[in-house]
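What you see is a predicted model; the values in this text were computed from it and never measured.
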Amino acid sequence: MLHSTTASSFGRVISVRGSQARVGILRTGRMSPAATRATVGRFVSLRSMTSTIVAMITEVSCENLPSDEFMASASVDLLGEILDSSGPRPRFQRGVTNYPAIDDLADLITNQELRTIYAPNGADQIDVGTLQQDQSVKAFVDVEEMLSKHFAVLGSTGVGKSSGVSLLINEIVRSRPDLRIFLLDVHNEYGRCFGDHALVLNPRNLKLPFWLFNFEEIVDVLFGGRPGVPEELDVLAEVIPIAKRIYTQYQHADRASLKRIDPKSVGFTADTPVPYRLVDMMSLIDERMGRLENRSSRIVYHKLISRIETVRNDPRYAFMFDNANVGGDTMAEVVSLLFRLPANGKQMTIMQLAGFPAEVGDSVVSVLCRMAFDFGLWSDGVSPLLFVCEEAHRYASADRSIGFGPTRKAISRIAKEGRKYGVYLGLVTQRPAELDATIISQCNTLFTMRLANDRDQSLLRSAVSDAAANLLSFVPSLGTREVLAFGEGVALPTRLRFKEVPAHQLPRSEAKISTVPSASRGQDMQFVDAVLERWRGATSHRDAPHDPAPMAPMERPALRPLDAPMLQPSLSLDPDRFSLLKRPLR
């Protein structure tokens with residue numbers, strides 16, 4: 001028996017060191033043709049007395065061979081072992097309890113052994129593709145492990161990262177219909193990827209009242225992303241809590257009977273999420289300015305009032321300021337709409353960010369992240385939420401001098417503590433080295449696609465703790481849709497290929513726009529005029545509806561999203577799409 005096994009084996013263990021071993025590869029005459037193709041990335045089986053140890057080849061060399069019996073030697077990482085069990089079939093476990101010994105036999109892993117390793121061990125598994133080594137074996141991911149310990153999808157532009165995200169989320173939606181999902185769509189790619197499961201929000205149909213912004217966030221809006229003027233910030237910090245107190249009194253008395261409020265006995269802070277009116281706040285600022293005799297001191301108040309008026313009248317900020325107080329305290333309706341409570345058949349929200357002003361994008365993301373975490377915190381995690389952040393390096397940069405601090409803090413809070421309160425994080429980025437290292441270290445399942453930058457690869461090596469960290473040397477050479485999957489969500493560190501995504505689930509970026517001009521396209525002055533009309537319409541009030549009559553503070557209508565068109569063109573490129581531009585956007 002030993003002789004026949006030896007004849008069919010392609011190598012023997014010649015050294016063992018910690019989680020690694022070295023295998024001497026026998027000369028070709030004693031191997032099958034398949035065994036001669038044993039190279040980096042292939043799984044091998046080391047046959048010990050009590051189990052079959054699963055290892056991966058990370059290096060092949062013909063230098064310093066111990067004897068002429070071997071044609072080469074291979075370094076392998078020990079990943080796990082297949083144990084004979086009392087059940088109907090063997091079972092696989094990560095880690096090694098019985099290390100190989102010198103002269104133990106090495107074989108290429110069989111198809112049946114691969115199926116044992118990657119067989120789904122529960123109902124909470126999703127099929128994401130096939131193994132690169134054997135495409136007849138499906139690759140499954142454990143949804144519970146992936147979500148509860150956060151995950152990240154990393155890859156350069158053009159490697160299939162967006163379609164991979166669409167695949168993962170669609171599979172999660174099918175597997176976990178009770179899970180709510182919130183996706184930050186930076187480039188407006190995903191609007192049509194999830195069909196009737198998703199509600200698409202953008203600046204045209206979103207109502208996010210300014211009073212939901214905390215002090216740092218509203219300052220970022222008023223100052224256009226620049227540092228605030230200390231004197232003006234002091235005034236804001238004083239008047240905002242008083243304005244909130246004044247508003248709450250409207251529910252119990254008319255304005256004429258309101259008593260003067262002592263700032264020390266307000267009971268609110270500038271961060272308390274209760275409504276207030278800009279009119280009240282500006283009246284308070286004006287009142288303080290009127291008590292000043294020094295003209296130079298008044299300039300600070302004049303500038304602050306002018307700053308507030310400018311932002312409030314900017315049509316790009318209509319989602320924050322238009323009718324922000326209609327219906328009174330609408331926080332419950334806003335949270336219900338954003339985070340799908342109840343879901344009403346749409347368990348997912350896609351927040352399209354491309355249409356928001358660049359100056360306010362960071363503060364909007366900060367509000368959404370903070371509200372997602374706080375709702376999970378104060379609801380004790382009763383209703384789980386997956387928060388997926390596209391282009392995460394924009395909002396949580398490793399460089400603390402770049403970006404908006406509260407946004408990084410909000411995402412970091414979800415990464416560190418969110419799993420305790422049912423708020424899970426999914427990060428998508430093409431530059432992991434520019435992402436805050438603390439945040440990415442909290443993601444225990446990584447789907448790594450092709451990355452060419454040395455800094456990105458170095459960060460991954462420090463973040464991956466598996467014995468197969470040597471797999472990262474394959475990252476620069478991965479093909480399109482090929483993935484290295486690490487961490488708790490997969491049975492082993494695995495090189496796999498994401499399965500094909502149906503055409504209707506492909507993100508918009510998958511449809512390439514040809515750079516070759518066509519004579520059939522009507523690129524005349526009429527076309528240019530149509531584009532300019534849309535361009536100017538995005539920053540003007542021409543098509544804005546008339547403001548409805550003010551409603552009593554206690555009336556709280558349910559907020560319904562407007563039937564606004566999504567901001568990206570259709571998935572399939574219509575040859576007459578230029579003529580469609582002649583229709584002005586509603």
Side-chain angles (χ1 to χ4, degrees), residues 123-129 138 140-141 143 146-147 151 153 160-207 335-355 368 372 383-391 424-428 447 481 483 498-513 558-574 577 580 585-586:
D124 214 9
Q125 306 272 330
I126 57 175
D127 172 16
V128 298
K138 292 183 177 180
F140 290 90
V141 174
V143 175
M146 180 178 75
L147 294 179
F151 71 94
V153 181
K161 183 171 73 274
S162 296
S163 58
V165 172
S166 174
L167 167 67
L168 288 173
I169 295 180
N170 271 295
E171 292 292 334
I172 291 171
V173 166
R174 278 194 287 270
S175 174
R176 297 284 296 273
D178 58 325
L179 179 72
R180 296 168 297 117
I181 302 173
F182 191 98
L183 171 63
L184 292 178
D185 186 2
V186 175
H187 300 297
N188 296 4
E189 301 177 281
Y190 296 95
R192 293 180 174 85
C193 292
F194 308 102
D196 296 335
H197 295 289
L199 170 70
V200 180
L201 295 178
N202 54 52
R204 296 180 194 163
N205 62 353
L206 174 68
K207 293 299 180 185
V335 170
S336 173
L337 177 68
L338 288 175
F339 303 125
R340 312 309 303 141
L341 292 161
N344 294 325
K346 295 179 182 288
Q347 70 185 90
M348 182 175 180
T349 303
I350 300 174
M351 179 62 70
Q352 295 185 328
L353 297 175
L368 298 172
S383 187
L385 170 71
L386 170 62
F387 198 97
V388 182
C389 188
E390 256 273 10
E391 301 288 354
Y424 311 129
L425 184 64
L427 298 179
V428 185
F447 298 95
R481 297 198 349 261
V483 185
F498 277 149
K499 62 185 180 183
E500 288 278 0
V501 177
H504 65 278
Q505 293 179 1
L506 282 173
R508 173 62 183 84
S509 61
E510 296 295 320
K512 302 293 189 292
I513 297 178
L559 294 183
R560 294 187 178 90
L562 302 178
D563 188 17
M566 287 178 283
L567 298 185
Q568 75 273 24
S570 61
L571 181 63
S572 57
L573 292 181
D574 188 341
R577 60 188 180 280
L580 299 177
L585 290 176
R586 290 185 288 108

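Inter-residue side-chain proximity for Arg176 and Ile181 is flagged as unmet; no heavy-atom pair is nearer than 4.5 Å. Side-chain atoms of Met146 and Ile172, non-hydrogen and from C-beta on, do get closer than 4.5 Å to each other. You'll find the side chain of Met348 reaches within 4.5 Å of the side chain of Ile169, heavy atoms only.
For the side chain to side chain donor-acceptor pair (under 3.5 Å) test, no residue two or more places apart in sequence or in another chain qualifies with Gln347. Residues forming a salt bridge (charged side-chain N to carboxylate O under 4.0 Å, His left out) with Glu391 (at least two apart in sequence, or on another chain): none. The side chain to side chain donor-acceptor pair (under 3.5 Å) check on Arg340 picks up nothing, with sequence neighbours excluded. The ring pair (Phe, Tyr, Trp, His ring centres under 6.0 Å) check on Phe194 picks up nothing, with sequence neighbours excluded. In this structure Asp196 satisfies the salt bridge (charged side-chain N to carboxylate O under 4.0 Å, His left out) test with no other residue, sequence neighbours excluded. Among residues two or more places apart in sequence or in another chain, the side chain to side chain contact (heavy atoms under 4.5 Å, CB included) test is passed with Cys193 by Ser166, Tyr190, Pro507. Partners of Thr349 under the side chain to side chain donor-acceptor pair (under 3.5 Å) rule, at least two apart in sequence or in another chain, do not exist in this structure. With sequence neighbours left out, the ring pair (Phe, Tyr, Trp, His ring centres under 6.0 Å) criterion links Phe387 to Phe182.
Interatomic distance, Glu390 CD to Met351 CE, rounded to the nearest 0.5 Å: 15.0 Å. For the atom pair CG of Leu184 and CG of Leu427, the computed distance is 10.5 Å after rounding to the nearest 0.5 Å. The CD atom of Glu189 sits 11.0 Å away from atom CG of Leu506, with the distance rounded to the nearest 0.5 Å. To the nearest 0.5 Å, atom CG of residue Leu368 and atom CG of residue Leu201 are 9.5 Å apart.
Annotation for Leu206 and Leu338: closest pair CD1-CD2, 3.9 Å, computed over non-hydrogen atoms. What you find for Gly355 and Asn188 is that their closest heavy atoms are N-ND2, 4.4 Å. The heavy-atom pair separating Ile350 from Ala198 by the smallest distance is CD1-CB, 3.8 Å. Smallest separation of non-hydrogen atoms from Ser175 and Val143: OG-CG2, 3.9 Å. Nearest approach of Gln352 to Val200, heavy atoms of both residues: CD-CG1, 3.5 Å. Considering every non-hydrogen atom in both Glu171 and Ile126, the closest pair reads O-CG2, 3.7 Å.
A donor-acceptor pair under 3.5 Å is formed between the side chain of Asn205 and the backbone N or O of Asn202.
For Lys138, the NZ atom counts as loosely surrounded, since its 6.0 Å shell holds 12 or fewer non-hydrogen atoms of other residues, nucleotides or ligands.
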Apply the test side-chain contact (heavy atoms from CB on, under 4.5 Å) to residues Phe151 and Val141: give CA-CA distance (whole Å), side-chain angles for both, the deciding distance (0.1 Å), then the verdict. CA-CA 11 Å; Phe151 71 94; Val141 174; over 6 Å; no
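Of the N and O atoms on the side chains of Ser163 and Arg481, not one donor lies less than 3.5 Å from an acceptor on the other residue.
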